[in-house]
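The structure under discussion appears below in the form of structure tokens.
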Amino acid sequence: MEEDQSRQSRGRKEKIQIKVAEGDGAGNSGMQATTFVETTGKQEERELLRLEMPSWTSPLSSVKLTPHSHKHKDKHKDREHRHKEHKKDKEKDREKSKHSNSEHKDSEKKHKEKEKTKHKDGSSEKHKDKHKDRDKEKRKEEKVRASGDAKVKKEKENGFSSPPRIKDEPEDDGYFAPPKEDIKPLKRPRDEDDADFKPKKIKTEDIKKEKKRKLEEEEDGKLKKPKSKDKDKKVPEPDSKKKKPKKEEEQKWKWADLLKHRSHVYTTKKTSPEDLRLEFVAGVRWEEERYPEGIKWKFLEHKGPVFAPPYEPLPESVKFYYDGKVMKLSPKAEEVAMFFAKMLDHEYTTKEIFRKNFFKDWRKEMTNEEKNIITNLSKCDFTQMSQYFKAQSEARKQMSKEEKLKIKEENEKILKEYGFCIMDNHRERIANFKIEPPGLFRGRGNHPKMGMLKRRIMPEDIIINCSKDAKVPSPPPGHKWKEVRHDNKVTWLVSWTENIQGSIKYIMLNPSSRIKGEKDWQKYETARRLKKCVDKIRNQYREDWKSKEMKVRQRAVALYFIDKLSLRAGNEKEEGETADTVGCCSLRVEHINLHPELDGQEYVVEFDFLGKDSIRYYNKVPVEKRVFKNLQLFMENKQPEDDLFDRLNTAILNKHLQDLMEGLTAKVFRTYNASITLQQQLKELTAPDENIPAKILSYNRANRAVAILCNHQRAPPKTFEKSMMNLQSKIDAKKEQLADARRDLKSAKADAKVMKDTKTKKVVESKKKAVQRLEEQLMKLEVQATDREENKQIALGTSKLNYLDPRISVAWCKKWGVPIEKIYNKTQREKFAWAIDMADEDYEF
DNA sequence: CCAGGTACTTAGGAGGCTACTT
DNA sequence: AAGTAGCCTCCTAAGTACCTGG
């Protein structure tokens, strides 16, 4: 790894000098050249090979395993290290490149000077504006600082390791593009089926509204406050919930109808009079709810948020010591001290920035007297507080069943009361009705604000949003809301401004709600529309690589990355406010490395950067020659910390995309590529005659291909190795059993041959069955083992929840007779109710 | 065009819960 | 009955996108 990195850095410096031979015209099939054409079992392995990424080894080897209670801490630490290691390497790089400076301040200055001179002469016009430059300098400073305290700890990048079973596979380029359908066109005769769908508010909301609105109002009058008992009386409610008291909540919405009507597709397929009526009502209502421009609802009523429980002061017996002496803290100071004490086990309470931020904010909560005494965090002894906290959580675990049940019931009561709202005649679940409790902020990755005090939110901070004709929730006694507004152009019920970043937080509805589900559906419909014009768009950007305009070229190359690699858009971020992470448009020169030739492939771009949540993206990608040349051009005369696409940002890119297709933005490519990959992989991997567990494995593999594409990672479970071993021994045991059973069967058969009576025959039969059963069990275990092994460091959930058109999965389940519960758990089924309701087995994305 | 602000989606981790094992 | 593994839910941070007003 180390070696690799330094090679990179050397390589980088040389490469920057290379002049681009303009318009060589050799551009060719490109995409095709790098994507999968053959689709055999092998391919799955190649797919996985990408996991190889760099040759990381398991963090297990270096992190001491502590059972149970330390599990999470370690996990966390692991990410820390992933991050740190990454940074560190970069630092090393940079230092090398400027004759290594050990004094931070020094190097900082030099850096600045360098920057200045650079901008005065030469390429100045290439660089954006002062603002940006300023940012860069700041960034540099920060990095230099960071390099200072980067611990010299040998740890693996990302904590990822490659699955052993594919180690012997020939070294791939590590590149994984989603299988593009221009290579292997999907038979898609049904392209037309949702042709009418219009994604944009303007389009969806301007029809028939007047007439319908009148109707709605009538209904509204009756239904205004359909509180529980009231509710069931309303016959025309298309809401079937409550009517059938099944174990799972009956699907609340006639999704299929709703969405059908949303896209102006009317069917006449009606089964029973009941259905007919419902559909009619649904039709009216849904049309009706096609509110004018930007209107999200008509009626909204809720009970307001649930506030965090107040702080309970510590018992007298729990002492805090400063400089060895007992000290009684004021309640406010004590509360904040307790936040710190609770985190004592975490590595980051040892971090400079964390401690600094914490201490500064803590002092703000102290009385003057306390402030005078407590001047040094290192002299604070929180151990008793920490122990008290641990004892408490231990006690909580040890509670009797009754006590636990009581708590559960109380929670349910709160949920019942505050967890739901009424939006347009429906009782909808709220996602996060509890206000975030105070605590110490811990951003992800290397966050400059870690340790800051996240203050307690009071009713006076809260903005309530509801409809004018709704009952306004009452604030807690003795308090009032900051504001009550009636804005039906937004979906949130409650908002407040958080004090760390100054951003606004919202309380919104659960994914199962109409408002979220519909949006979700729209998202996939947009992606499906992209499918129809993606070829055109690809041709377009390939043309643009040749443009005379720098901006256009950059846009085209960035778009190529977004399309091919499903990178995120990469909005600009405010410097020093968040961890230094990037997406496509915000890539910097230091994040890529160009290899004219690498491992037998031409024009390889090596990506290495921290993306969202400071998750590392590392990938080596062969690109088309023209892209490569363009990149060289973009990097000319730039410093590592300069923007790669200095003429581009997400606004420009999205503006362009908007022109190419209505509703198209950068993130649609991620959705599109994810879903199309799933569909394709499912087609390839599903073997018709396999049993259900094997099918599920195939599904998971397809899902995994997507997760890899989207770079959805997780820290390998700390108990992974162990649980794997356990599973293996189970398999071994099963094998033995099976062998025994087979032997029994054999002898039974022999007996039967001799005896020829029914009794022995019966014995043979039962033995046969036993063997069969064991075979199945063994099979199941083996499948489980494979699945788990392959899944070690990949998080499937994120793509499943956010990127994969659920209708693909639903269709697949229907087609192969796999129960939907095997693919989606309860929450997921709720979220995807719309898809379950509307997709049939031949749904095509 | 840009900066600041707002709304909404996407993200990984922590901790709880449950089912299973011993 | 206690221990444990893995799944699930909750939590909230961190993105994207778009709007507005200068």
*Verify the contact: side-chain N or O of A:Asn571 to OP1 or OP2 of C:dT16, cut-off strictly under 4.0 Å; return yes or no.*
yes

*Among A:Thr671, A:Asn703, A:Thr677, which residue meets the side chain to side chain donor-acceptor pair (under 3.5 Å) test with A:Ser799?*
A:Asn703

*Would you kindly compare A:Ser799 and A:Trp492 by the position of their nearest DNA chain B nucleotide and give the one closer to the 5′ end?*
A:Trp492

_Checking A:Glu498 against A:Lys454 for the salt bridge (charged side-chain N to carboxylate O under 4.0 Å, His left out) test, could you report, in this order, the C-alpha distance in whole Å, the side-chain angles of both residues, the deciding distance, and whether it holds?_
CA-CA 8 Å; A:Glu498 152 264 9; A:Lys454 209 170 98 164; over 6 Å; no

*Partners of A:Tyr699 by ring pair (Phe, Tyr, Trp, His ring centres under 6.0 Å), sequence neighbours excluded?*
A:Trp812

*Is it true that a side-chain atom of A:Arg456 and a backbone atom of A:Glu436 form a donor plus acceptor pair closer than 3.5 Å?*
no

*Between A:Tyr824 and A:Phe832, does the ring centroid distance fall short of 6.0 Å?*
yes

*Check the distance between B:dG4's P and A:Ile504's CD1 and give it to me in whole angstrom.*
15 Å

*According to a strict under-4.0 Å criterion, is A:Lys826 in side-chain N/O contact with OP1 or OP2 of C:dC7?*
no

*For the pair made of CG in A:Asp487 and P in C:dC19, what is the distance, rounded to whole Å?*
15 Å

*asked:* Between A:Asp487 and A:Lys489 (salt bridge meaning N to carboxylate O under 4.0 Å), is one present in this structure?
replied: no

*Check ion pair A:Lys826-A:Glu830 (N to O, under 4.0 angstrom)*: yes

*Short side-chain N/O contact from A:Asn825 to OP1 or OP2 of C:dC8, under 4.0 Å*: yes

_Determine whether the aromatic ring centres of residues A:Phe433 and A:His302 are separated by less than 6.0 angstrom._
no

*In whole angstroms, how far is the P atom of B:dC8 from the CH2 atom of A:Trp521?*
18 Å

_Can you tell me which nucleotide in B:dT9, C:dG15, B:dG13 comes closest to the side chain of A:Thr581?_
C:dG15

*asked:* Under 4.0 Å, counting only non-hydrogen atoms across every strand here, what does A:Gly570 touch: a base, just sugar-phosphate, or nothing?
replied: sugar-phosphate

*Would you say a side-chain N or O of A:Lys573 is under 4.0 Å from OP1 or OP2 of C:dG15?*
yes

*Which part of the nucleic acid, if any, lies within reach of A:Ala651 when heavy atoms closer than 4.0 Å are counted: base, sugar-phosphate only, or nothing?*
nothing

_At less than 4.0 Å, is any side-chain N or O atom of A:Ser503 found next to OP1 or OP2 of B:dT6? Yes or no._
no

*Calculate the interatomic distance between A:Tyr506 atom OH and B:dG5 atom C1'; express it in whole Å.*
8 Å

Could you go through nucleotides 11-13 of chain C and list every protein N or O atom that sits under 3.5 Å from one of its N or O atoms, giving the distance for each pair?
| unit_1 | atom_1 | unit_2 | atom_2 | d |
| --- | --- | --- | --- | --- |
| C:dA13 | OP1 | A:Lys454 | NZ | 3.0 |
| C:dA13 | OP2 | A:Lys505 | NZ | 2.3 |

*For A:Gly797, report the nucleic acid contact type (base, sugar-phosphate, nothing); a contact means any heavy atom under 4.0 Å.*
nothing

*For A:Arg396 and A:Thr491, take the nucleotide of DNA chain B holding the closest heavy atom to each; which residue's nucleotide lies nearer the 5' end?*
A:Thr491

*Among B:dG12, B:dT10, C:dA17, find the nucleotide with the atom closest to the side chain of A:Asn802.*
B:dT10

*B:dT9 P sits how many Å from A:Gln522 CD, rounded?*
10 Å

*Does C:dT9 have OP1 or OP2 sitting under 4.0 Å from an N or O in the side chain of A:Thr827?*
yes

*Tell me: CG of A:Asn649 to P of C:dA17, nearest whole Å?*
12 Å

*asked:* In this structure, how many angstroms lie between the C1' atom of B:dC8 and the NZ atom of A:Lys523, rounded?
replied: 11 Å

*asked:* Output the rounded distance in Å from CZ (A:Arg568) to P (B:dT10).
replied: 11 Å

*If only side-chain N and O atoms of A:Tyr803 are considered, is one of them under 4.0 Å from the OP1 or OP2 phosphate oxygen of B:dT9?*
no

*Taking OP1 and OP2 of C:dA17, is either one under 4.0 Å from a side-chain nitrogen or oxygen of A:Thr665?*
yes

